[in-house]
Amino acid sequence: MARHASRRLILVAPLILFSFPASIIAQNSVSTPKPVAGPTETTPRSGPDPEMEAISKAEQEGRLLDAEKLLTTAVHDAQSNSAPRLRMSVLLKSLATVEFDLGHYSDAISAMHKELKVDKALYHPESAKVLIDLYALALFCRKAGDQAGADQAIGEELALARKFPGPHKVTLVTALWEAAQNDRRANRDAEAQALLAEGAQICQTPGALNTIICPQLLSSYLGKAGETGQAEKILSDAAAQGPLDYHGHADYFHQLNALGQLAAYYQQEGSYDQAEATYQKAIAVAENHIPNPLIAPGVYYQFGRLLELEGKNGEAEAAYKHAFDTFEKMQGEERITATRSLSDTPLVRLYQKEGRNSEAEAILEQALSDQEQVLDPNDAALAHTLVRLAGLKMRQGEYSETEPLCERTLKIQEADYG
């Protein structure tokens, strides 16, 4: 489930401009955690696991209610049979993610707490996996409106990150950034700036790890301190080439993030010409150097939003249309992910704003047709598209065409939620 969830996030914020996934802790700073040997651990059996295959298939096809039922049963059976902790960890992680996607935030938090307990015993209470769990728990708590729970999880994550030795300073910088963002969301600006100051000191230390989070953290800290020129220089330097990976090669994904941050900075400052030029560079990097085909269309969507903000609706339409066409024609394992997002194209909003309702309707009907060919008949994405299309037809007085769309939506929702 994590693989598909991450792709959905990419579609929401294609450049990953303003977020920094906690998984980077495991990727860049700490070796992949290995389970601690214990009497209940056994060597994973070879061959396919029918139970896990059924769960994975339900998740991939968007049948989240089916996945929830399968996972709930699997977790109960694993607890009853004293299954290996590694299996329990995997099941609880999937269950937490599915509950989160269904909007069952309290259930997601409960599953995440259980996973955290298992992972502390499985890996070690001070492992990178526990750091990732704490970040996810904080995210779930924020979504549920539980700021106290988010504060506690972020606090534990930061305290744990401070225990990692010198070579893993990127872990601490990442935790400081996440804690600062948490404080800002809670309107604790002074506390957030103090955390950023600590992170900035690490990032500015000679020989510090060249990590993507440093330009973002430094520019945010300096911008709040009134040193906007220095903040721009830091982002510009990062966007010019991007940080190098551990083999000394250019890291284009990190450069793409830096270009996105720089474009957003120019946009916030009202420097639209510079923002446009920066987005054009980001598009070139995405198309020529980023292997994930879902990324480039997302950059076009963001570029289109900037053009629309400038009143360049014709150019914005062209950017949106390019992204929509690319998503629609996508093949391979990304096709399902791309198809599920088709009805969220900004083209619909732009056409409605300009009174071009028939064109907006045509886009939604095209999205629905594509989804019907690829997705499960009860996929929530279909219901989302049907609702949008029904609403548009209803506003135009097309009631006879609206009714069957609403009836179909109800059937999907009843299949999902009872």
Side-chain angles (χ1 to χ4, degrees), residues 7-18 62 256 260 263-264 267 272 275-276 278-280 282-284 286-287 290 292-332 334-375 379-398 401-402 405-406 408-409 412:
R7 284 183 177 148
R8 286 198 293 277
L9 290 174
I10 286 174
L11 292 173
V12 173
L15 281 169
I16 318 182
L17 303 181
F18 313 115
L256 182 62
Q267 185 171 329
Y272 295 128
E276 282 189 34
T278 305
Y279 272 125
Q280 293 284 13
I283 287 170
E287 289 184 333
I290 304 296
N292 188 334
L294 295 168
I295 296 294
V299 184
Y300 273 99
Y301 274 150
Q302 294 197 336
F303 182 42
R305 292 189 185 100
L306 171 65
L307 294 169
E308 190 178 353
L309 180 65
E310 295 180 82
K312 300 179 179 179
N313 286 1
E315 295 178 52
E317 179 184 355
Y320 292 152
K321 193 69 167 62
H322 178 88
F324 181 85
D325 290 344
T326 303
F327 277 139
E328 186 190 24
K329 296 172 184 176
M330 201 163 288
Q331 299 297 323
E334 289 83 11
R335 179 163 173 74
I336 291 179
T337 304
T339 303
R340 295 182 86 247
S341 72
L342 282 176
S343 64
D344 288 324
T345 172
L347 273 172
V348 174
R349 175 183 47 74
L350 179 63
Y351 287 154
Q352 286 184 280
K353 184 174 71 174
E354 296 184 339
R356 299 158 63 183
N357 291 325
S358 61
E359 292 176 77
E361 190 173 316
I363 287 290
L364 288 175
E365 288 175 342
Q366 186 176 347
L368 181 62
S369 175
D370 291 332
Q371 289 174 341
E372 287 172 335
Q373 297 175 37
V374 176
L375 303 180
D379 195 296
L382 276 173
H384 176 66
T385 303
L386 288 164
V387 166
R388 294 199 70 185
L389 184 57
L392 184 57
K393 287 182 177 293
M394 187 167 61
R395 283 191 291 273
Q396 297 179 86
E398 301 172 3
E401 297 181 38
T402 301
L405 296 174
C406 292
R408 188 175 168 192
T409 303
I412 295 175

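Computed from heavy atoms alone, side chains included, the values below leave out hydrogens, waters and symmetry copies.
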>> To the nearest 0.5 Å, what is the distance between CG on Leu392 and CD1 on Ile363?
In response: 11.5 Å
> What pair of heavy atoms forms the shortest contact from Ser343 to Ala367, and how long is it?
Replying inline: N-CB, 3.9 Å
> Does a side-chain heavy-atom distance below 4.5 Å link Glu310 with Glu315?
Replying inline: no
>> Between Phe327 and Glu334, does the side chain to side chain contact (heavy atoms under 4.5 Å, CB included) criterion hold? Intermediate values first, please.
In response: CA-CA 9 Å; Phe327 277 139; Glu334 289 83 11; over 6 Å; no
> What residues form a salt bridge (charged side-chain N to carboxylate O under 4.0 Å, His left out) with Lys321, not counting sequence neighbours?
Replying inline: Asp325
> Can you tell me how far CG of Leu389 sits from CG of Leu364, rounded to the nearest 0.5 angstrom?
Replying inline: 5.5 Å
>> Using every non-hydrogen atom in the two residues, find where Ala360 and Val348 come nearest and quote the distance to one decimal.
In response: CB-O, 3.9 Å
> Among all residues two or more places apart in sequence or in another chain, which pass the salt bridge (charged side-chain N to carboxylate O under 4.0 Å, His left out) test with Glu317?
Replying inline: Arg356
> Checking side chain to side chain contact (heavy atoms under 4.5 Å, CB included) for the pair Arg388/Asp344: CA distance, chi angles, key distance, verdict?
Replying inline: CA-CA 9 Å; Arg388 294 199 70 185; Asp344 288 324; 4.1 Å; yes
> Only one of Gln371, Glu372, Arg340 forms a side chain to side chain donor-acceptor pair (under 3.5 Å) with Thr385, so which one is it?
Replying inline: Gln371
>> Any carboxylate oxygen within less than 4.0 angstrom of a Lys/Arg side-chain nitrogen, looking at Glu361 and Arg395?
In response: no
>> Looking at Val374, is its backbone amide N or carbonyl O close enough to the side chain of Arg335 to form a donor-acceptor pair, meaning the two atoms are under 3.5 Å apart?
In response: no
>> For Ala275 versus Gln267, what's the shortest heavy-atom pair and its separation?
In response: CB-N, 4.0 Å
> Should Leu405 and Arg408 be marked as a side chain to side chain contact (heavy atoms under 4.5 Å, CB included) after you check the CA-CA gap, both sets of side-chain angles, and the distance that decides it?
Replying inline: CA-CA 5 Å; Leu405 296 174; Arg408 188 175 168 192; 5.7 Å; no
>> If I take atom NZ from residue Lys393 and atom SG from residue Cys406, how far apart are they, to the nearest 0.5 angstrom?
In response: 11.5 Å
>> To the closest 0.5 Å, what do you measure between CD (Gln302) and CD1 (Ile283)?
In response: 10.0 Å
> How long is the gap from CZ on Arg349 to CD on Gln352, to the nearest 0.5 Å?
Replying inline: 9.5 Å
> Residues two or more places apart in sequence or in another chain: which of them pass ring-ring contact (aromatic ring centres under 6.0 Å, His included) with Tyr300?
Replying inline: His322
> So Thr339 and Ile336, side chain to side chain contact (heavy atoms under 4.5 Å, CB included) or not? Walk me through it.
Replying inline: CA-CA 5 Å; Thr339 303; Ile336 291 179; 5.8 Å; no
> So, does Ser369 use its side chain to make a donor-acceptor pair with the main chain of Glu365 at under 3.5 Å?
Replying inline: no
> Is there a donor-acceptor pair closer than 3.5 Å between any side-chain N or O of Thr345 and the backbone N or O of Leu342?
Replying inline: no
>> Side chains of Glu354 and Asn313: any donor to acceptor distance under 3.5 Å?
In response: yes
> In terms of side-chain geometry, is the basic nitrogen of Glu276 or Lys312 positioned less than 4.0 Å from the acidic oxygen of its partner?
Replying inline: yes
> Side-chain contact, heavy-atom cut-off 4.5 Å: Glu287 with Ile295?
Replying inline: no
> What closest approach, in Å, do Tyr320 and Tyr301 show between heavy atoms, and which atom pair accounts for it?
Replying inline: CE2-O, 3.4 Å
> Can you name the closest pair of heavy atoms from Thr402 and Met394 and give their distance?
Replying inline: OG1-N, 3.4 Å
> Do you know the tightest heavy-atom contact between Ala323 and Pro297?
Replying inline: CB-O, 3.3 Å
> Do Leu307 and Tyr272 come within less than 4.5 Å of each other through their side chains, counting heavy atoms only?
Replying inline: no
